[in-house]
> 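Here it is: the structure, laid out below.
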Amino acid sequence: MNLLTYEQALGSEDGCREEYLMYEGLRNTWAGQPLVRKNMLIDGKWVAASDQATLSCLDPYSEQEWAEVPVATVSDVDHAVSSARRAFDSGIWSNAPPAARFAALRRLGQLIEDNVEALALAQVRENGKLMTEMVPSTRAVASDSHFFGALGEMTHGYTVEPSIPNFTAYTRREPIGVVAAITPWNNPLVLLGWKLFPALAAGNTIVIKPSEVTPVSTLMLGELIEKAGIPAGVVNIITGAGATGQALVQHPDVDKIAFTGSTQTGVAIAKIAAERQARVSLELGGKSPNIVFNDANLSSAINGVIGGIFAAAGQACNAGSRVLVQRGVYNEFLERLSQRANAFRMGDPLAADTEIGPLSSRAQMAKVTSYFDIARGENLNLAAGGVRLDRPGLFVSPTVYADPPKASRLVREEIFGPVAMVMPFDDEQEAVTLANDTIFGLASGVWTQNLSLAHRMIKKIRAGTVWVNTYRMGGHVIPFGGFKASGVGREMGLHALDQYTESKSVWINTDAQS
Ligand code: NAD
């Protein structure tokens, strides 16, 4: 069974699993190796924390610590933001010709492509995602660098012919200034690239704070940023946990915050940003409905639902965690889904035939298993899984609950694990009501062969993405982001640079006497 993620769908090598056999022996060479130690990138120098504090990273498959990075202090954060400010104000990047910025992003894209394997391996160690997913996903990062670089060269406002005689008017788009990019652990480089590349293409400078669970791959990207010839201070990378992120958000010299993470953290950041009117874009959580109608091609729909909730062990913002199935196919669907959930090959994320890897961290394990406890307390009907696996590594079984009450916490809250809540519905109206009965609005799926029904659902679902007879498809040409509590703003797409530019209006009196 192939749990296709959209990065895999983009990478053409899906299905060529032989290519991945070579990675399986690597784990032996990792065993007994000393900790990988990395420093932060501030003002073009690789530095430890000013108080020498560090945090360590856990490989969730072996449950061994494998890397150590600094924990930035408030003064380190200030140093990084000041460096980004100086670089911005100097004009070395913000006033460089867009073509020069594009050339640098092309060089960076090529360096990422040349180092895909090393970057993918680091992410596998950091968060336990499958190598078969991380290679194409890292390739997508390389291509994003080219795409956003090209968009930067196209940055443009618009011209209008005003009704007032002898005046002309137009708009310009200008970089915002110092951007803070704060990223989560579930897809470290893809989610960073969606911020870093458009921010740089538009002429901003940046301070990056990756998740404390996955800092190494971002620091490795920093090494490539240096090699690409991007000037010192334009990109700074600080590491640490929530307190470091908070110090960055609070820094008065940060003009724009681009955040991906939980809704709770996003709300805290938005409140701080509002005090000084810093610009904010937020990509937050989800509880996305994946809706199967009676007339759907059931085999395709089951594959799509499985990819939607079990790929990446359910640790995806756009996971289709609420599976709504029309009554006519509900029993058959539930039985087939549960059988498949019980049959996945779980194991080493480096192995070519592993279908589901471990959860990313001990904190995530505690969170997911706490929902298993809540389900027992709520007496939910367990159709598959619902336990931590009795084996080394942070594994939980792919889990299916059948017909839970709408008020169940497992229906309402984002679990961020391989847990499908399968609920029946009778007709189109009930499907719409259930789909929209959530504080979130990130993504959704509709499975039907009726084109008119599909179009009606597209209009009625309150979510940033609607997939029809597919799930998780995506790419930099189309925007991604959420309605409601799933976020503010959109990443990717033709207008991605709007999030990293201010609009300036210009009026000219064409009849002025000199
Ligand atoms: P998180 O909110 O715990 O942490 C995200 C980042 O914010 C980390 O770098 C963390 O150190 C930092 N942080 C934590 N507290 C902070 C604070 N008070 N101020 C500033 N920074 C702070 O989220 P997570 O557990 O790393 O990621 C999982 C969440 O991310 C899920 O809710 C998921 O849905 C969401 N997500 C959303 C998208 C999207 O595009 N909408 C994509 C991926 C993940």
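Atoms within a ligand are numbered from 1 in the order they appear, just like the ligands themselves. Residues: numbered from 1 along the sequence shown.
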> Please name the pair of heavy atoms, one in Asn204 and one in Leu200, separated by the smallest distance, quoted to 0.1 Å.
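Minimum heavy-atom separation between Asn204 and Leu200: O-CD2, 3.7 Å.
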> Please indicate whether any nitrogen or oxygen in Thr260 is less than 3.5 Å from any nitrogen or oxygen in ligand 1.
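Looking only at distances, the answer is no, because the N/O contact criterion of under 3.5 Å is not met.
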> If you compare all heavy atoms of Phe148 against all heavy atoms of Ala201, which two are closest, and at what distance to 0.1 Å?
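Looks like O-CB, 3.2 Å.
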> Is Arg490 salt-bridged to Glu283, cutoff N-O under 4.0 Å?
no
> Yes or no: does Ser211 have any heavy atom under 4.0 Å from an atom of ligand 1?
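Under 4.0 Å: yes for Ser211.
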> Could you pull out the closest heavy-atom pair between Pro198 and Ala496, with the gap in Å?
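That closest heavy-atom pairing would be CB-O, 4.4 Å.
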> Specify the protein heavy atom at minimum distance from atom 31 (C) of ligand 1: its residue, its atom name, and the distance to 0.1 Å.
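Checked against all protein heavy atoms, atom 31 (C) of ligand 1 sits closest to Glu414 OE1, 3.4 Å.
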> If you have a sec, work out which protein heavy atom is nearest atom 44 (C) of ligand 1 and how many Å separate them, to one decimal?
Asn186 OD1, 3.4 Å
> Using heavy atoms and a 4.0 Å limit, tell me yes or no: is Asn187 in contact with ligand 1?
no
> Could you tell me whether Lys38 and Glu223 make a salt bridge, using a distance below 4.0 angstrom between a side-chain N and a carboxylate O?
yes
> Where is the nearest protein heavy atom to atom 22 (C) of ligand 1: which residue, which atom, and how far?
Thr265 CG2, 3.5 Å
> What protein heavy atom sits nearest atom 36 (N) of ligand 1, and how far away is it?
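Ranked first by proximity to atom 36 (N) of ligand 1 is Cys317 CB, 3.5 Å.
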> Search all heavy atoms of Gly475 against all heavy atoms of Met492 and return the closest pair with its distance.
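What the structure gives for the nearest pair is O-CE, 3.7 Å.
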> Return the residue, atom name and 0.1 Å-rounded distance of the protein heavy atom closest to atom 25 (O) of ligand 1.
Trp185 NE1, 3.0 Å
> To which of Trp194, Phe480, Phe259, Phe440 does the heavy atom nearest atom 7 (O) of ligand 1 belong?
Phe259
> Check contact between Pro210 and ligand 1, using heavy atoms of the residue and a distance below 4.0 angstrom.
yes
> Of the listed options (Gly261, Ser361, Gly242), which comes nearest to atom 35 (C) of ligand 1 when hydrogens are ignored and any heavy atom counts?
Gly261
> Identify the two heavy atoms, one from Lys406 and one from Asp437, that lie closest to each other, and give their separation to 0.1 Å.
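Taking every non-hydrogen atom into account, CD-OD2, 4.1 Å.
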> Test of understanding: given a 4.0 Å heavy-atom threshold, classify the contact between Asn318 and ligand 1 as side chain, backbone, both, or neither.
neither
> If you apply the rule side chain to side chain contact (heavy atoms under 4.5 Å, CB included), what do you find for Trp194 with Asp144, and how did you get there?
CA-CA 7 Å; Trp194 293 358; Asp144 290 348; 3.4 Å; yes
> Closest heavy-atom contact between Glu117 and Tyr23?
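It is OE1-OH, 3.2 Å.
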> Considering only protein heavy atoms, which is closest to atom 21 (N) of ligand 1, and at what distance to one decimal place?
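Looking only at protein heavy atoms, the one closest to atom 21 (N) of ligand 1 is Gly245 CA, 3.6 Å.
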> What's the shortest distance from atom 28 (C) of ligand 1 to any protein heavy atom, and which residue and atom give it?
Phe416 CE2, 3.8 Å
> In the protein, what heavy atom is nearest to atom 41 (N) of ligand 1, and what distance, to one decimal place, separates them?
Leu284 O, 2.8 Å
> Taking N or O atoms only and a 3.5 Å limit, does Thr183 qualify as a polar contact for ligand 1?
yes
> Show the atoms of ligand 1 that are less than 4.0 angstrom away from any heavy atom in Lys209.
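Near Lys209, meaning under 4.0 Å from one of its heavy atoms, ligand 1 has 8 (C), 9 (O), 10 (C), 11 (O).
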> Evaluate the 4.0 Å heavy atom contact test for atom 4 (O) of ligand 1: does a protein atom fall under the cut-off?
no
> Between Val178 and Lys256, does the side chain to side chain contact (heavy atoms under 4.5 Å, CB included) criterion hold? Intermediate values first, please.
CA-CA 7 Å; Val178 175; Lys256 148 96 197 195; over 6 Å; no
> Among the heavy atoms of Ala241, does any lie under 4.0 Å from an atom of ligand 1?
yes
> Determine, using ring centers only, whether Trp185 and Phe416 are less than 6.0 Å apart.
yes
> Find all atoms of ligand 1 within a distance of less than 4.0 Å from any non-hydrogen atom belonging to Gly285, and give their numbers and elements.
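Listed by number with element, the hits are 32 (O), 34 (O).
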